[in-house]
Amino acid sequence: MYQQHNDNGYEQALEKILRKTLVYGENTLMTEFRMEKNSALPSHKHPYEQTGYLVSGHIQLRIGAEQFDAKSGDSWCIPPNVEHGADILEDTVAIEVFSPVREDYIPVKQ
């Protein structure tokens with residue numbers, strides 16, 4: 001699968017947080033998150049391994065019992081079923097890869 005960059009296809013994931021699935025295959029799915037300053041990703045967990053890269057911005061990331069002051073260029077990997085969340089300290093863009101594929105993130109074809 002190949003996808004050219006465009007600004008279409010963003011969905012409201014949470015208040016002040018947009019999500020767009022970029023590409024996906026048989027085993028992985030890559031998503032872009034655009035998060036506004038002072039928003040939050042509430043603590044949650046899911047059965048997917050989640051690998052992330054902070055393209056721009058600044059977040060306070062929680063993975064299990066640990067906290068990280070994540071800034072542009074930082075990356076992480078969250079094992080399946082580990083509670084995690086984040087406080088968004090600046091307007092932020094993050095890329096996340098999920099494995100296995102999150103069926104709930106596959107865009108609906110129109």
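Treat the numbers as computed from the prediction; the structure is a model and nothing was measured.
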Is the side chain of [X] donor-acceptor paired with the backbone N or O of [Y] at a distance under 3.5 Å, no angle test?
| X | Y | result |
| --- | --- | --- |
| H44 | H84 | yes |
| T21 | Y105 | yes |
| S56 | S72 | no |
| S99 | N27 | yes |

Can you tell which of L18, V55, L54 makes a side chain to side chain contact (heavy atoms under 4.5 Å, CB included) with V93? V55
Where is the tightest heavy-atom contact between [X] and [Y], given as atom of each residue plus distance?
| X | Y | answer |
| --- | --- | --- |
| S43 | E83 | CB-OE2, 3.4 Å |
| D69 | Q60 | OD1-OE1, 3.7 Å |
| E96 | G52 | OE1-CA, 3.4 Å |
| P80 | P47 | CB-O, 3.7 Å |
| G9 | K20 | O-CG, 3.8 Å |
| P42 | L14 | CD-CD1, 3.6 Å |

Pairwise distance [atom1]([X]) to [atom2]([Y]) - rounded to 0.5 angstrom:
| X | Y | atom1 | atom2 | answer |
| --- | --- | --- | --- | --- |
| H46 | I78 | NE2 | CD1 | 6.5 Å |
| H58 | I88 | NE2 | CD1 | 10.0 Å |
| T51 | W76 | OG1 | CH2 | 10.0 Å |
| I59 | E90 | CD1 | CD | 11.0 Å |
| N8 | H5 | CG | NE2 | 9.5 Å |
| K37 | D91 | NZ | CG | 8.0 Å |

Grouping I, L, V, M, F, W and Y whenever their side-chain heavy atoms are under 4.5 Å apart, do L61 and L89 come out in a common cluster? no
In terms of hydrophobic clusters joined by side-chain contacts under 4.5 Å, are Y48 and Y53 together? yes
Let's go through I95 and M30 carefully: what are the C-alpha distance in whole Å and the side-chain angles of both, what is the deciding distance for side-chain contact (heavy atoms from CB on, under 4.5 Å) to 0.1 Å, and is it a yes or a no? CA-CA 7 Å; I95 300 296; M30 185 165 59; 3.6 Å; yes
For R19, the salt bridge (charged side-chain N to carboxylate O under 4.0 Å, His left out) test, sequence neighbours excluded, returns E11
In chain order, what residues pass the side-chain hydrogen bond (donor to acceptor under 3.5 Å, both in side chains) check against R62, with sequence neighbours excluded? D87
So do the side chains of E32 and Y10 get within less than 4.5 Å of each other, counting heavy atoms only? yes
Minimum side-chain heavy-atom gap R102-T31 below 4.5 Å: no
Determine, step by step, whether S39 and E15 satisfy the side-chain contact (heavy atoms from CB on, under 4.5 Å) criterion, reporting the C-alpha distance in whole Å, the side-chain angles of both residues, the deciding distance to 0.1 Å, and the verdict. CA-CA 7 Å; S39 61; E15 185 177 349; over 6 Å; no
